[in-house]
Amino acid sequence: MSDLEVRLRDIVGPAHVLTDSDLKAPYETDWTRRFAGVARCVVRPAGTDEVAAVVRACAEEGVPITVQGGNTGLVGGGVPAGGDVLLSLSRLTALGDVDPIEAQVTVGAGVTLERLQQHARAHGLDFGVDLAARSAATVGGLVATNAGGIRVLRYGSMREQVAGIEAVLADGSVVRRLVGLAKDNTGYDLTQLLAGSEGTLAVLTTVRVRLVPLQPARAVALVAVDSVGSALELLAAARAGLPSLSAAEFFLADGMALVRAHGGLPAPFGEDHFGYVVLECSGRTDPSDDLLDVLGESPAVADATIASDVTGVARLWAYRETHTEAVSAAGVPVKLDVSVPLRELAGLVADLSSTVAAAAPAARLIIFGHLGEGNLHVNVLGAEERAEEVTEAVLRLVASRRGSISSEHGVGRAKAHWLPLSRSEPEVTAMRRIKHALDPAGTLNPGVLI
Ligand SMILES: Cc1cc2nc3c(=O)[nH]c(=O)nc-3n(C[C@H](O)[C@H](O)[C@H](O)COP(=O)(O)OP(=O)(O)OC[C@H]3O[C@@H](n4cnc5c(N)ncnc54)[C@H](O)[C@@H]3O)c2cc1C
């Protein structure tokens with residue numbers, strides 16, 4: 001055992017420094033099974049002081065660290081590059097008291113999204129971010145990737161929910177701003193700088209988050225549409241006519257066929273359609289009538305079904321939410337997560353098939369995503385051997401339509417090479433300078449983002 005491992009055992013206890021291959025394995029491969037690497041060891045500290053001591057020890061020994069929360073990230077940012085220490089935040093699970101006056105709560109970085117939601121709901125409030133990986137994704141990972149999900153349309157992305165952070169910098173020092181002031185203009189906003197930094201600038205240990213009103217009554221519509229244009233027309237009508245709108249999601253016929261086969265789901269309509277939109281409204285009272293009014297008046301609706309009971313809502317959401325799982329069950333996809341201005345969406349969808357076919361003729365394309373933000377998850381199955389070509393072709397197409405090469409999953413290791421497609425040279429240089437200022441030795445998440 002090396003000096004570093006001995007030191008790490010002294011800090012976190014021998015049971016929480018994993019060196020055995022079998023024990024390390026779950027931390028070494030990502031959720032998609034596309035990214036993997038061998039860690040020197042996995043370290044699981046129990047609190048901020050232990051995290052700081054681990055980071056300091058690694059910095060002194062010149063050993064790089066890969067930071068990991070729930071390991072549900074989709075861009076290879078949380079799995080080891082090889083030979084690094086894998087720092088898992090999964091034991092930082094403290095749950096503070098919900099403050100109903102501020103509508104805020106302070107939680108450990110390792111608390112899962114689902115646990116945070118349950119905690120807030122038990123106090124008559126809710127958390128503004130939701131996504132299908134809720135049972136495993138951690139608050140630290142959500143902040144680090146500035147995760148989006150299905151409620152961005154109503155509450156914004158993760159960074160909008162963050163009122164303060166505590167984080168360990170690359171030299172082991174701790175920055176802490178957890179009061180959660182609604183107004184605080186005292187210079188550079190480190191909290192917002194760390195949101196979306198993907199573990200490259202600091203290790204988040206505690207987060208103070210804003211909470212939103214609990215909206216217990218929900219109505220969900222699954223709407224068939226015959227074009228992207230119709231989907232956008234419906235979105236415009238929903239935005240104008242439904243103050244209670246909380247989600248607007250989108251998928252195509254191929255995705256419908258895949259999730260139906262994967263989950264044994266029944267056909268929702270008598271015939272197949274080009275695409276499908278899921279609209280959700282939520283409030284303190286049942287918003288079904290408002291939703292029905294908007295659907296009834298919109299010529300964009302080819303067919304629709306609506307539910308407002310718990311079982312029916314879950315049944316309709318399953319057509320959209322099981323996409324990621326169904327794609328993963330079908331193979332190891334090339335996963336791209338892009339966004340374009342909404343007026344470019346129809347053109348992008350139209351061009352994607354031919355672009356992917358040119359790069360990987362035998363591939364199967366599944367497109368779904370968050371309609372409100374022009375955010376498409378482009379999943380290409382059967383293209384493992386042509387991953388670079390497919391990625392290059394799709395990301396260039398997106399850039400040509402003024403889009404982003406990473407809408408919500410982050411850049412990670414998967415997209416670092418293509419960052420200049422979305423960020424100008426001066427922007428990337430400024431990012432490198434910030435990285436160098438906070439982590440001059442490049443200890444934290446080397447190879448991720450920049
Ligand atoms: C089924 C499924 C559905 C998903 N849906 C969505 C979606 O709708 N929207 C969306 O945005 N994402 C989605 N994701 C992606 C993923 O859930 C998010 O990126 C999530 O934020 C990752 O959290 P995590 O705790 O698993 O982080 P990890 O995967 O462990 O890490 C992700 C990144 O954050 C860094 N990191 C993790 N914890 C910390 C910390 N404490 N301090 C500093 N850096 C840290 C890691 O180094 C890595 O770069 C989905 C994933 C799956 C599997």
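For ligands, and for the atoms within them, numbers begin at 1 and follow the listed sequence. Only a predicted model underlies this, so the values are computations on that prediction, with no experimental measurement involved.
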(message) Tell me whether Asp20 at atom CG has more than 12 heavy atoms from other residues, nucleotides or ligands lying less than 6.0 Å away.
(response) yes
(request) Please confirm whether Glu408 comes within less than 3.5 Å of ligand 1 when only nitrogen or oxygen atoms on both sides are compared. (result) yes
(message) Checking the N or O distance criterion of under 3.5 Å, is ligand 1 in contact with Ala136?
(response) no
(request) Report, as yes or no, whether the 6.0 Å neighbourhood of atom CD on Glu388 holds more than 12 heavy atoms from other residues, nucleotides or ligands. (result) no
(request) Identify the protein heavy atom lying closest to atom 5 (N) of ligand 1, giving its residue, its atom name and the separation to 0.1 Å. (result) Leu131 CB, 4.0 Å
(message) Checking contacts here: is it the side chain or the backbone of Ala147 that comes within 4.0 Å of ligand 1, counting heavy atoms only? Could be both or neither.
(response) both
(message) Taking 4.0 angstrom as the limit and counting only heavy atoms of Gly199, give me the atoms of ligand 1 inside it, by number and element.
(response) 43 (C), 44 (N)
(message) With a heavy-atom distance limit of 4.0 Å, tell me whether Ala202 approaches ligand 1 through its side chain, its backbone, both, or neither.
(response) backbone
(request) Using only heavy-atom distances, determine whether the side chains of Glu408 and His370 contain a donor-acceptor pair under 3.5 Å. (result) yes
(message) Heavy-atom pairs closer than 4.0 Å: do any link ligand 1 to the side chain of Leu204, the backbone, both, or neither?
(response) both
(request) Could you tell me whether a side-chain N or O of Glu198 sits under 3.5 Å from a main-chain N or O of Val411, the two making a donor and an acceptor? (result) yes
(message) Quick check on Gly412 - does any of its heavy atoms sit under 4.0 Å from an atom of ligand 1?
(response) no
(request) Heavy-atom contacts with His370 under 4.0 Å: which atoms of ligand 1 show up? List them by number with element. (result) 8 (O)
(message) Between Glu392 and Arg396 (salt bridge meaning N to carboxylate O under 4.0 Å), is one present in this structure?
(response) yes
(request) Measure the distance from atom 20 (C) of ligand 1 to every protein heavy atom, then report the residue, atom name and distance (to 0.1 Å) of the closest one. (result) Thr72 OG1, 3.8 Å
(message) For the backbone of Arg134 and the side chain of Asp130, can you confirm whether one donor and one acceptor N or O come within less than 3.5 Å of each other?
(response) no
(request) Return yes or no for this condition: an N or O of Gln68 is under 3.5 Å from an N or O of ligand 1. (result) no
(request) Check each of Ala133, Gly410, Gly196 against atom 52 (C) of ligand 1 and report the one with the nearest heavy atom. (result) Ala133
(request) Look at atom 39 (C) of ligand 1 and say which protein heavy atom is nearest, naming residue and atom and giving the distance to 0.1 Å. (result) Val67 CG1, 3.7 Å
(request) Check whether the side chains of Glu280 and Ser246 place a donor and an acceptor atom closer than 3.5 Å, and report yes or no. (result) yes
(request) Under 4.0 Å from a heavy atom of Gly77: give me the atoms of ligand 1 that qualify, with their elements. (result) 47 (O), 48 (C), 49 (O)
(request) Just go through Gly69, Gly78, Ser90 and tell me whose heavy atom is the nearest to atom 30 (O) of ligand 1. (result) Gly69
(request) Mark yes or no for whether Glu166, through its side chain, and Val174, through its backbone, hold a donor-acceptor pair below 3.5 Å. (result) no
(message) Checking a contact table here: which protein heavy atom is nearest atom 24 (P) of ligand 1, and how many Å away?
(response) Gly70 N, 3.4 Å
(message) Taking Ser157's backbone N and O only, do any of them form a donor-acceptor pair with Glu160's side chain (distance below 3.5 Å, no angle check)?
(response) yes
(request) Number the atoms of ligand 1 from 1 as they appear, then name those within less than 4.0 Å of a heavy atom of Gly73, with their elements. (result) 26 (O), 29 (O)
(message) Could you tell me if Ser2 and Arg40 have a donor-acceptor pair between their side chains, going purely by distance under 3.5 Å?
(response) yes
(request) Could you tell me whether the side chain of Arg159 and the main chain of Asn146 form a donor-acceptor pair under 3.5 Å? (result) no
(message) Considering non-hydrogen atoms of the protein only, which is the closest contact for atom 28 (P) of ligand 1, and what is the distance?
(response) Asn71 N, 3.6 Å
(message) Do Leu74 and Trp31 have side chains that approach each other closer than 4.5 Å (heavy atoms only, starting at C-beta)?
(response) yes
(request) Check ligand 1 against Gly141 and write out every atom of the ligand that is under 4.0 Å from a heavy-atom position of the residue. (result) 21 (O), 23 (O), 24 (P), 25 (O), 27 (O), 37 (C), 38 (N)
(message) Could you identify the single nearest non-hydrogen protein atom to atom 36 (N) of ligand 1 and state the distance to 0.1 Å?
(response) Ala144 CB, 3.6 Å
(request) Ignoring angles and geometry beyond distance, decide whether Gly148 reaches within less than 3.5 Å of ligand 1 through its nitrogen or oxygen atoms. (result) yes
(request) Can you pull out the closest protein heavy atom to atom 1 (C) of ligand 1? Residue, atom name and distance to 0.1 Å, please. (result) Thr324 CG2, 3.6 Å
(request) For the pair Asp337 (side chain) and His409 (backbone), establish whether a donor and an acceptor sit closer than 3.5 Å, ignoring hydrogens and angles. (result) yes
(request) Report yes if some N/O of Trp31 lies less than 3.5 Å from some N/O of ligand 1; otherwise report no. (result) no
(request) Tell me which part of Thr66 gets within contact of ligand 1: side chain, backbone, both or neither, using heavy atoms under 4.0 Å. (result) neither
(message) When you compare ligand 1 with Thr145, is there at least one nitrogen or oxygen pair between them that comes in under 3.5 angstrom?
(response) yes
(request) Pick one of side chain, backbone, both or neither for how Leu89 approaches ligand 1, counting any non-hydrogen atom pair under 4.0 Å. (result) side chain
(request) Give me the one residue out of Phe251, Phe368, Tyr319 that meets side-chain contact (heavy atoms from CB on, under 4.5 Å) with Tyr276. (result) Phe251
(message) For Arg423, is there any backbone N or O sitting under 3.5 Å from a side-chain donor or acceptor partner on Glu427?
(response) no
(message) Leu74 versus ligand 1: do any nitrogen or oxygen atoms come within less than 3.5 Å of each other?
(response) no
(request) For His409, take its heavy atoms, then give the atoms of ligand 1 lying under 4.0 Å from any of them. (result) 10 (C), 12 (N), 13 (C)
(request) Please confirm whether the backbone N or O of Thr324 pairs with a side-chain atom of Ser328, one donor and one acceptor, at under 3.5 Å? (result) no
